[in-house]
Amino acid sequence: LRTLDLSSLEVVLELGGGCGAISRYLAEQGMHVDAIEGSTRRALIARSRCRGLDNINIVNSNFNHIELPQQAYDAVFLIGVLEYAKRFCPDAADDRAAVMEILAAVKASLRPGGVIITAIENRLGLKYLMGATEDHYGVPYIGIHQYPDSAGIRTYDHGEWRSLLDDSGFSSNAFLLPFPDYKIPTVVLHEVFASQPEAAAHLRGSSSRDYLRALDSNFY
């Protein structure tokens with residue numbers, strides 16, 4: 001998130017706050033933060049991590065058990081969340097419909113001019129094309145082959161995200177590409193710059209990670 005200028009944001013929502021790493025960072029920037037986390041254990045960790053800050057609320061609740069306030073937030077953060085959309089919305093027709101259901105809910109909670117900031121793995125990410133195990137399933141190429149054995153977890157590629165956002169009514173979108181992945185990026189490129197030949201030079205020294213096994217990252 002240090003890549004982004006967040007200085008204009010005052011009141012924000014983080015959905016799926018986990019253990020509070022992002023929540024605390026946002027609060028330290030001076031925002032008022034509502035962070036929702038479904039796991040009681042993680043919510044308790046987040047509360048401990050954010051102790052001493054009076055501008056943050058950690059709410060332990062299932063997404064389906066809350067009603068988000070309307071037009072309340074300058075931004076909604078969905079960091080490592082939307083890949084699990086079908087698990088949050090089990091009655092949705094499919095994974096894509098579940099993502100759109102969540103996007104519709106958080107969109108209604110935005111103030112005029114508000115933004116949604118999401119981070120998620122690219123199913124066609126460079127490390128996956130190199131044979132890295134998929135971060136959620138531990139199986140190589142499962143995302144590239146469109147998750148034939150989906151367990152309610154699914155990521156999307158750039159084109160699929162454009163389609164999802166267009167169909168959800170988001171007319172202004174920007175994409176940033178983190179390398180080697182969004183969890184611990186060393187390089188973040190804007191989509192416009194990433195299409196230029198010189199963009200590849202910025203990837204030298206950025207080693208792709210496989211979180212389960214060694215990965216040969218020598219490629220040209």
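What's counted below: heavy atoms across the whole structure, side chains too, no hydrogens, waters or symmetry copies. Only a predicted model underlies this, so the values are computations on that prediction, with no experimental measurement involved.
Contact between Pro140 and Arg213 at its shortest, heavy atoms only, is CG-NH2, 3.5 Å. Scanning all heavy atoms of the two residues, the minimum distance from Pro185 to Pro178 falls at CB-CB, 3.8 Å. The two residues Ser163 and Arg96 come nearest to each other via the heavy atoms OG-NH2, 2.8 Å. Between Glu37 and Gly17, the closest heavy-atom pair is OE1-N, 3.5 Å. Smallest separation of non-hydrogen atoms from Pro148 and Ile142: CD-O, 3.8 Å.
Residues satisfying the side-chain contact (heavy atoms from CB on, under 4.5 Å) test with Ala194, not counting sequence neighbours, are Leu177, Leu189. Residues satisfying the salt bridge (charged side-chain N to carboxylate O under 4.0 Å, His left out) criterion with Asp135, sequence neighbours excluded, are Lys127, Lys183. Shown here are the salt bridge (charged side-chain N to carboxylate O under 4.0 Å, His left out) partners of Arg49, two or more places apart in sequence or in another chain: there are none. In this structure, the side-chain contact (heavy atoms from CB on, under 4.5 Å) partners of Thr40, at least two apart in sequence or on a different chain, are Leu44, Asn60. With sequence neighbours excluded, no residue forms a ring pair (Phe, Tyr, Trp, His ring centres under 6.0 Å) with Phe88. With sequence neighbours left out, the ring pair (Phe, Tyr, Trp, His ring centres under 6.0 Å) criterion links Tyr147 to Tyr137. Remark: Glu191 engages His158, Arg162 in a side chain to side chain donor-acceptor pair (under 3.5 Å) (not counting sequence neighbours). A search for side-chain contact (heavy atoms from CB on, under 4.5 Å) contacts involving Asn173 returns Leu165, Asp166, Phe170, Phe175, not counting sequence neighbours. Residues passing the side-chain contact (heavy atoms from CB on, under 4.5 Å) test with Glu83 are Ile120, Glu121, His136, Ile153, Thr155, Tyr182, sequence neighbours excluded.
Taking the side chain as every heavy atom from C-beta outward, Leu15 and Leu68 never approach each other to under 4.5 Å. For the pair Asp167/Met100, a side-chain contact is recorded, criterion being any heavy-atom separation below 4.5 Å from C-beta on. Side-chain atoms of Leu78 and Ile117, non-hydrogen and from C-beta on, never get closer than 4.5 Å to each other. With contacts defined as side-chain heavy-atom distances shorter than 4.5 Å, the pair Leu53/Arg24 qualifies. Contact check for Glu160 versus Gln146: side-chain heavy atoms found under the 4.5 Å cut-off. Side-chain contact between Leu13 and Val33 is absent, with no heavy atoms from C-beta onward closer than 4.5 Å. Annotation: side chain of Ile36 is not in contact with side chain of Glu14 (no heavy-atom distance under 4.5 Å). For the pair His32 and Ile56, the minimum side-chain heavy-atom distance is 4.5 Å or more.
Between the CD1 atom of Ile58 and the CD1 atom of Ile45 there is a distance of 11.5 Å, given to the nearest 0.5 Å. Here the CG atom belonging to Leu82 is positioned 5.5 Å from the CG atom belonging to Leu103, to the nearest 0.5 angstrom. Taken from CZ in Arg47 to OG in Ser23, the straight-line distance is 11.5 Å, to the nearest 0.5 Å. Rounded to the nearest 0.5 Å, atoms CG (Leu1) and CD1 (Ile22) are 4.5 Å apart.
The closest donor-acceptor contact from the side chain of Asn62 to the backbone of Gly38 lies at 3.5 Å or more, if one exists at all. Using modelled atom types, one side-chain atom of Asn55 and one backbone atom of Met31 make a donor-acceptor pair closer than 3.5 Å. In this structure a side-chain-to-backbone donor-acceptor pair under 3.5 Å is missing from Arg154 to Arg123. A donor-acceptor contact shorter than 3.5 Å links the side chain of Arg51 to the backbone of Ser48. The backbone N or O of Ile184 lies less than 3.5 Å from a partner atom in the side chain of Asp181, making a donor-acceptor pair.
Grouping the Ile, Leu, Val, Met, Phe, Trp and Tyr side chains by contacts below 4.5 angstrom, directly or via other members, places Tyr84 with Ile116.
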Contacts table for residues 104-113: side-chain donor-acceptor under 3.5 angstrom, sequence neighbours left out:
| residue | atom | partner | partner atom | Å |
| --- | --- | --- | --- | --- |
| Lys107 | NZ | Ser168 | O | 3.3 |
| Lys107 | NZ | Gly169 | O | 3.1 |
| Ser109 | OG | Val106 | O | 2.7 |
| Arg111 | NE | Ala72 | O | 3.2 |
| Arg111 | NH1 | Asp74 | OD1 | 3.2 |
| Arg111 | NH1 | Asp74 | OD2 | 3.4 |

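Among pairs with a residue in residues 37-78, none fulfils ring-ring contact (aromatic ring centres under 6.0 Å, His included), at least two apart in sequence or across chains.
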Inset, instruction - Given side-chain contact (heavy atoms from CB on, under 4.5 Å), test Val76 with Val12 step by step and report yes or no. - result: CA-CA 6 Å; Val76 176; Val12 303; over 6 Å; no
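Summarising the local packing, CD of Gln196 is surrounded by more than 12 heavy atoms from other residues, nucleotides or ligands at distances under 6.0 Å. In the displayed structure, Arg2 atom CZ is contacted under 6.0 Å by at most 12 heavy atoms of other residues, nucleotides or ligands. Heavy-atom contacts from other residues, nucleotides or ligands closer than 6.0 Å to CZ of Arg42 number 12 or fewer.
In this structure, a donor-acceptor pair under 3.5 Å is present between the side chains of Asn57 and Asp34.
Other cluster members for Tyr141: Leu124, Tyr128, Leu129, Ile144, joined by side-chain heavy-atom distances under 4.5 Å among Ile, Leu, Val, Met, Phe, Trp and Tyr.
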